[in-house]
Peer 1: 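Quick one: this structure, given as structure tokens, is what I'll be asking you about.
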Amino acid sequence: PEVLAELPPRMIDLVRRVASRGPGNVAMIEPSGCSIAYGDFAAAVAETAQALGRLGIRPGDRVMIVNENSIAAAQLY
């Protein structure tokens with residue numbers, strides 16, 4: 001319960017917090033060897049949110065996502 005109280009309300013807030021502490025630290029590595037740093041991941045998530053907004057998708061809307069585990073899937077989620 002105490003750990004949960006420390007979590008931010010949205011996942012992106014956690015990504016931003018970690019990115020602010022170590023933007024160059026590796027966030028994810030795919031089996032192919034492709035990786036992304038926290039700073040780049042936070043920027044990619046923000047860009048994805050903007051792109052979705054331009055498509056008319058707003059916070060709270062429901063969308064269906066079909067994907068395999070990847071950096072791109074985490075970015076979209």
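Remember, predicted model here, so these are calculated numbers, not experimental data. Just so you know, these numbers use all the heavy atoms, side chains as well, and skip hydrogens, waters and symmetry mates.
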Peer 1: State which residues pass salt bridge (charged side-chain N to carboxylate O under 4.0 Å, His left out) with Asp40; sequence neighbours excluded, sorted by chain then number.
Peer 2: none
Peer 1: Got a sec, which residues hit side chain to side chain contact (heavy atoms under 4.5 Å, CB included) with Pro8, two or more places apart in sequence or on another chain?
Peer 2: Asp13, Leu14, Arg17
Peer 1: Flag the pair Tyr38 / Arg16 as yes when at least one side-chain heavy-atom distance between them is below 4.5 Å, and no otherwise.
Peer 2: no
Peer 1: Would you call Asn67 and Leu76 a side-chain contact if the rule is heavy atoms closer than 4.5 Å?
Peer 2: no
Peer 1: What residues form a side chain to side chain contact (heavy atoms under 4.5 Å, CB included) with Asn69, not counting sequence neighbours?
Peer 2: none
Peer 1: Any salt bridge (Lys or Arg N to Asp or Glu O under 4.0 Å) pairs touching residues 60-72, not counting sequence neighbours?
Peer 2: Arg58-Asp61
Peer 1: Once side chain to side chain contact (heavy atoms under 4.5 Å, CB included) is applied, do any residues pair with Val66, and if so which ones, sequence neighbours excluded?
Peer 2: Met64
Peer 1: Side chains of residues 24-36: which donor-acceptor partners sit under 3.5 Å, not counting sequence neighbours?
Peer 2:
| unit_1 | atom_1 | unit_2 | atom_2 | d |
| --- | --- | --- | --- | --- |
| Glu30 | OE2 | Ile71 | N | 2.7 |
| Ser32 | OG | Cys34 | N | 3.4 |

Peer 1: Grouping I, L, V, M, F, W and Y whenever their side-chain heavy atoms are under 4.5 Å apart, do Tyr77 and Val45 come out in a common cluster?
Peer 2: no
